[in-house]
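Numbers restart at 1 for each chain; the letters A, B, ... are given by sequence-line order, proteins then strands. Values in this document were obtained by computation on a predicted structure and should not be read as measured data.
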Protein chains: 2
Amino acid sequence: MNESDEGAGHAARSKRADARRNEKTLLDAAAAVFVTSGVEAPVRAIAAKAGVGMGTIYRHFPTRADLIIAVYRHQVEACAEAGPALLATSATPHAALGQWINLFVDFLVTKHGLAAVLQSDNAGFDTLHAYFLDRLVPVCTQLLDAAAGSGEIRSDVEAYELMRGVGNLCIGADSDPRYDPRRLVELLIAGLRRPH
Amino acid sequence: MNESDEGAGHAARSKRADARRNEKTLLDAAAAVFVTSGVEAPVRAIAAKAGVGMGTIYRHFPTRADLIIAVYRHQVEACAEAGPALLATSATPHAALGQWINLFVDFLVTKHGLAAVLQSDNAGFDTLHAYFLDRLVPVCTQLLDAAAGSGEIRSDVEAYELMRGVGNLCIGADSDPRYDPRRLVELLIAGLRRPH
DNA sequence: GAGCAAACGGAACGTTGCTCCGTTAACGAT
DNA sequence: ATCGTTAACGGAGCAACGTTCCGTTTGCTC
């Protein structure tokens with residue numbers, strides 16, 4: 001990451017003022033539209049909300065995945081950073097794991113359609129997929145290893161499949177009041193516990 | 001339950017020969033296209049495969065859900081009927097439940113994209129949703145009740161949420177060799193076991 | 001065979017994702 | 001302050017798809 005200075009290199013020419021302004025405007029507009037219409041809202045709707053042309057969206061965020069990542073980056077980072085913190089402050093590693101998974105679930109279920117798009121095999125979304133995996137799987141691995149090391153859970157479950165499973169369970173949580181993913185995730189985590 | 005007769009009146013005139021022929025042709029074509037391109041394949045592709053116009057598809061199957069139901073009805077019925085049979089022949093109700101869930105998972109993962117569409121909140125798919133629920137939830141309830149009655153599992157889990165959870169876990173199973181829904185479903189079922 | 005309703009086919013329309021290019025205006029140089 | 005460069009903009013245009021609509025064909029009955 002050297003092409004555009006973000007803080008470190010000082011005097012390098014920054015982007016034009018209107019470009020920087022539009023990027024912020026777009027992020028705000030996208031966040032708002034995502035809340036009301038979900039993360040698969042039409043590009044035109046986001047452009048209209050921001051008061052810019054569609055070319056501007058695609059210039060700043062070439063794929064929808066880039067836009068989604070930009071909108072939720074802060075929250076994903078926060079979730080990732082909460083992992084080690086929980087491990088340090090919780091009574092047992094298994095408790096930390098449970099709480100961390102809850103954070104993740106809370107994040108997903110409050111983002112209309114994000115869970116669904118997260119597992120989409122659509123090629124346009126693989127950078128989104130990759131971002132979530134890169135950022136969260138290591139954290140989950142750490143928690144899982146700690147819990148396995150303390151003998152609380154079986155050790156034959158990988159972080160990747162657990163995360164995918166949890167993500168999948170969160171799909172469609174909105175739009176169906178009869179379905180509460182939290183209960184099922186809880187069941188899944190309970191199933192992790194070592195028999196005996 | 002053969003074809004739809006108008007009930008009260010005298011024997012309803014059966015459909016025209018070409019209509020009946022086209023319906024069969026369409027079912028075969030749809031089944032073939034579903035295998036290669038998934039259940040969300042373009043309508044035009046199915047029409048082309050069948051050698052008919054698009055109007056013919058929509059006349060026979062007004063929504064995509066109707067077509068999907070028609071294609072998979074036999075297998076869904078077989079799965080539903082396997083429930084009581086398993087309960088009768090298995091060692092324990094919990095074993096029967098596990099085997100039945102396995103049947104369901106096998107069915108779902110072999111149908112490209114069916115699991116994804118099953119939970120879609122898209123209004124066009126709610127009859128599909130309803131069909132699966134009407135047909136399978138009672139069976140699952142029976143198995144669940146039996147296992148709960150024998151004290152093997154906790155009794156605070158409803159068939160509906162379990163089925164939705166299992167269905168969700170099956171989403172995206174194809175197109176990702178690293179993800180094996182069977183393992184996670186197994187974990188979920190394990191989590192059902194009563195803590196003792 | 002004639003008449004008619006059922007069934008057909010595909011053109012046409014609306015919605016979306018994405019690209020492409022003529023136009024605008026920001027910014028450093030003068 | 002003005003000027004020229006070019007980054008950045010906007011939206012028309014195209015392709016793919018779902019869905020409808022209606023003129024045409026065809027099976028069935030008499």
By nearest-heavy-atom nucleotide on DNA chain D, the more 5' of B:Arg64 and B:Asp18 is B:Arg64
SB check A:Arg164 B:Asp176 (cutoff 4.0 Å)
yes
Take A:Gly51 and B:Gly55, find for each the nucleotide of DNA chain D with the closest heavy atom, and name the residue whose nucleotide sits nearer the 5' end.
A:Gly51
Length of the CZ-C1' vector between A:Arg20 and D:dA7, whole Å:
13 Å
Report yes or no: does B:Arg64 contribute a side-chain atom to a donor-acceptor pair with the main-chain N or O of B:Ala41 at less than 3.5 Å?
yes
Any side-chain N or O of A:Thr56 under 4.0 Å from OP1/OP2 of D:dG10?
yes
Between A:Ala41 and B:Glu23, who's closer to the 5' end of DNA chain C by nearest nucleotide?
B:Glu23
Between C:dG9 atom C1' and B:Asn22 atom CG, what is the distance in whole Å?
11 Å
Ignoring hydrogens and geometry beyond distance, is the side chain of B:Arg16 in donor-acceptor contact with the base of D:dT26 at under 3.5 Å?
yes
Any donor-acceptor N/O pair, B:Asp121 side chain to A:Ser175 backbone, under 3.5 Å
no
Which whole-number value in Å describes the distance from A:Arg21 CZ to C:dA25 P?
12 Å
Whether B:Glu161 side chain and A:Tyr179 backbone form a donor-acceptor pair below 3.5 Å:
no
Side-chain donor/acceptor contact of A:Arg59 with base of D:dA8 under 3.5 Å
no
Any Lys/Arg nitrogen of B:Arg178 or A:Glu158 sitting under 4.0 Å from an Asp/Glu carboxylate oxygen of the other?
no
In this structure, how many angstroms lie between the C1' atom of C:dA7 and the OH atom of B:Tyr58, rounded?
18 Å
Report the distance from atom CZ of B:Phe125 to atom C1' of D:dT19, rounded to the nearest whole Å.
14 Å
Roughly how many Å is it from CE in A:Met54 to P in C:dT15, rounded to a whole number?
14 Å
Listed nucleotide nearest any side-chain atom of B:Ala17, set D:dC28, C:dA7, C:dC18
D:dC28
What is the separation between atom CG on B:Asp66 and atom P on D:dG18, rounded to the nearest whole Å?
15 Å
Taking only side-chain nitrogens and oxygens of B:His60, does any of them come within less than 4.0 Å of OP1 or OP2 of C:dA7?
no
Given D:dA8, C:dA7, C:dT16, the nucleotide with the shortest approach to the side chain of A:Ala19:
D:dA8
In whole angstrom, what separates B:Ile46's CD1 from D:dT19's P?
11 Å
